[in-house]
Protein chains: 2
Amino acid sequence: MTSDIQERLDWAVQTCSDRGLRRTNAMRHLLKELITSKKPKTLADLSESEGLRDLCDRVTVFRLLGRLVEKKVIRRLGFHERAAYYVFSYPDECNDYLVCTDCGKIEPLNIACPVETLEEEVMKNSGFSGLYHELEFYGQCPACA
Amino acid sequence: MTSDIQERLDWAVQTCSDRGLRRTNAMRHLLKELITSKKPKTLADLSESEGLRDLCDRVTVFRLLGRLVEKKVIRRLGFHERAAYYVFSYPDECNDYLVCTDCGKIEPLNIACPVETLEEEVMKNSGFSGLYHELEFYGQCPACA
DNA sequence: GTACCTGCAAAACCTTTGCAGCATC
DNA sequence: GATGCTGCAAAGGTTTTGCAGGTAC
């Protein structure tokens with residue numbers, strides 16, 4: 001649904017602006033790239049994507065990613081590859097992944113995440129604030145078996 | 001309990017040997033270091049630890065870690081730091097962590113992990129085999145707040 | 001004796017920073 | 001006009017590889 005994408009993009013740009021960032025072209029295109037993508041992307045993926053390749057430098061994308069993570073509009077994932085992965089983070093949406101330990105393929109999981117109730121418990125017991133979680137399953141995919 | 005550590009060390013060395021690795025001194029000390037440690041450690045942590053510092057080169061530890069991961073005796077964690085973390089992995093033990101997004105402090109979580117039942121379901125639906133999971137909570141620790 | 005493991009050195013790779021010029025607010 | 005953003009260049013740090021020699025089996 002295009003309208004859904006547009007809605008998310010508008011929300012993201014507005015939120016960034018509210019939190020002190022400038023509305024630049026690079027920002028709009030980077031957010032669009034992430035929102036459109038079904039899978040987490042690396043800095044290399046993003047800076048070489050069609051939408052950004054000729055628009056701005058890789059370092060600009062790098063710094064922009066950092067600002068967007070800081071403003072909690074996107075999320076940085078700690079997968080096992082050497083490069084960091086980034087994914088759009090819509091409020092209260094939980095993204096879990098299934099990763100192949102051989103070929104590195106990443107599949108989003110659409111499951112009822114049982115961790116959310118735990119989050120509150122952990123928050124109470126630990127004193128940590130602003131909690132979110134990251135859940136990944138690793139294994140060998142059928143193609144690699 | 002020292003006997004518990006010894007038991008794990010024996011299991012680990014034996015398992016490595018069964019899976020084709022040679023019983024080297026570096027292997028024994030690296031495993032001991034990981035088994036004794038309560039927290040995940042980086043390559044730098046390990047190669048500079050008292051047990052390994054004067055025993056072998058950093059590159060040897062690096063290659064050894066790779067072999068141990070491959071033989072499924074230890075596990076590599078994809079935290080958010082630049083360096084990879086490694087942790088001893090005893091069969092059927094699940095290790096979840098609480099990580100501070102500001103200072104990077106890592107705390108092991110001793111909670112009943114609700115994900116284990118999901119693992120089978122994911123395995124069935126996806127066709128992936130040899131599944132395990134990684135669960136981390138991120139937030140701001142009391143000291144950083 | 002053979003196959004694997006180790007050390008040293010160096011390459012490869014991704015991330016991060018400095019600084020002068022430009023765009024947004 | 002002030003502040004933040006961008007590009008280019010270069011540094012920083014971790015991971016990875018080559019090769020000759022040593023070690024476990």
Side-chain angles (χ1 to χ4, degrees), chain A residues 12-33 40-49 51-71 73-86 101 104, chain B residues 12-31 33 40-49 51-71 73-87 101-102 104 106:
Chain A
V13 172
Q14 186 59 46
T15 304
C16 288
S17 177
D18 292 347
R19 296 180 182 168
L21 302 182
R22 302 221 164 139
R23 298 168 194 259
T24 66
N25 244 324
M27 179 177 96
R28 270 183 280 264
H29 281 86
L30 174 53
L31 282 169
K32 186 169 182 184
E33 204 67 40
K41 297 245 162 134
T42 64
L43 168 59
D45 292 340
L46 292 165
S47 70
E48 285 155 21
S49 70
L52 292 167
R53 181 163 208 36
D54 301 317
L55 182 64
C56 64
D57 192 82
R58 186 201 201 81
V59 175
T60 296
V61 179
F62 168 75
R63 286 190 270 222
L64 199 39
L65 285 167
R67 288 195 289 265
L68 294 179
V69 169
E70 195 187 335
K71 301 305 181 189
V73 172
I74 68 174
R75 200 173 276 179
R76 183 181 175 171
L77 297 179
F79 286 147
H80 285 189
E81 316 270 316
R82 208 151 127 182
Y85 280 79
Y86 297 89
T101 46
Chain B
V13 172
Q14 185 58 46
T15 304
C16 287
S17 177
D18 291 346
R19 295 180 183 167
L21 301 184
R22 303 230 161 132
R23 299 169 194 259
T24 65
N25 245 324
M27 180 177 95
R28 270 183 279 264
H29 280 87
L30 174 54
L31 283 169
E33 203 67 39
K41 298 244 162 138
T42 64
L43 169 59
D45 293 339
L46 292 165
S47 70
E48 285 155 21
S49 70
L52 292 167
R53 182 164 207 38
D54 300 317
L55 182 64
C56 65
D57 193 80
R58 185 201 201 79
V59 175
T60 296
V61 179
F62 168 75
R63 286 190 269 221
L64 199 39
L65 284 168
R67 288 195 290 264
L68 295 180
V69 169
E70 196 188 336
K71 302 305 182 190
V73 171
I74 68 174
R75 202 172 274 179
R76 182 180 175 173
L77 297 179
F79 286 148
H80 285 189
E81 316 270 318
R82 212 154 125 181
Y85 280 78
Y86 297 88
V87 66
T101 46
D102 285 17
I106 299 168

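In terms of heavy atoms, Ala26(B) sits closest to Leu55(B) at CA-CD2, 4.0 Å. In terms of heavy atoms, Val61(B) sits closest to Ser47(B) at CG2-CB, 4.0 Å. The two residues Gly51(A) and His29(A) come nearest to each other via the heavy atoms O-CD2, 3.8 Å. Scanning both residues, Leu52(A) and Leu46(A), for their nearest heavy atoms gives CD1-O, 3.3 Å. Contact record, Asp57(A) with Val59(A): OD2-N, 2.8 Å, taken as the closest heavy-atom pair.
Put simply, CG on Leu65(A) is 13 Å from C1' on dT16(C), counting in whole angstrom units. Between the C1' atom of dT15(C) and the OH atom of Tyr85(A) lies a distance of 16 Å, rounded to the nearest Å. Summarising the geometry, the separation between CZ on Arg28(B) and C1' on dC5(C) is reported as 13 Å, rounded to the nearest angstrom. Atom pair Asp57(B):CG and dA10(C):C1' shows a separation of 13 Å (rounding to whole Å applied). The nearest whole Å value for the distance from the CD atom in Glu48(A) to the P atom in dC13(C) is 13 Å. The distance from atom CZ of Arg67(B) to atom P of dA3(C) is 17 Å, rounded to the nearest whole Å. What separates CZ of Arg23(B) from P of dT6(C) is a distance of 15 Å, to the nearest Å. Regarding Leu68(B), its CG atom lies at a distance of 16 Å from the P atom of dC4(C), rounded to whole Å.
Between the side chains of Asp18(B) and Thr15(B), no donor-acceptor pair is found at a separation under 3.5 Å.
When the side-chain nitrogen and oxygen atoms of Thr24(B) are compared with OP1 and OP2 of dC4(C), none of them lie within a distance under 4.0 Å. In terms of phosphate contacts, Arg22(A) brings no side-chain nitrogen or oxygen within less than 4.0 Å of OP1 or OP2 of dC22(C).
Nucleic acid contact class of Leu64(B) (heavy atoms, under 4.0 Å, all strands): none. Among the protein residues, Ala44(A) comes within range of no part of the nucleic acid, since none of its heavy atoms lies under 4.0 Å from any strand. Heavy atoms of Leu55(B) sit under 4.0 angstrom from primed sugar atoms or phosphate atoms, though from no base atom.
Closest-nucleotide positions on DNA chain C for Leu21(B) and Val59(B) were compared, and the one nearer the 5' end corresponds to Leu21(B). Both Asn25(B) and Ala26(A) lie close to DNA chain D; mapped to their nearest nucleotides by heavy-atom distance, the more 5′-ward contact belongs to Ala26(A). Mapping Arg82(B) and Met27(B) onto DNA chain C by nearest heavy atom places Met27(B) closer to the 5' end of the strand.
For Arg53(B), the CZ atom is loosely surrounded, since the number of other residues' heavy atoms within 6.0 Å does not exceed 12.
Once you apply a 4.0 Å limit to the heavy atoms of chain A, the touched nucleotides of DNA chain D run 5' to 3' over dT3(D) to dT16(D).
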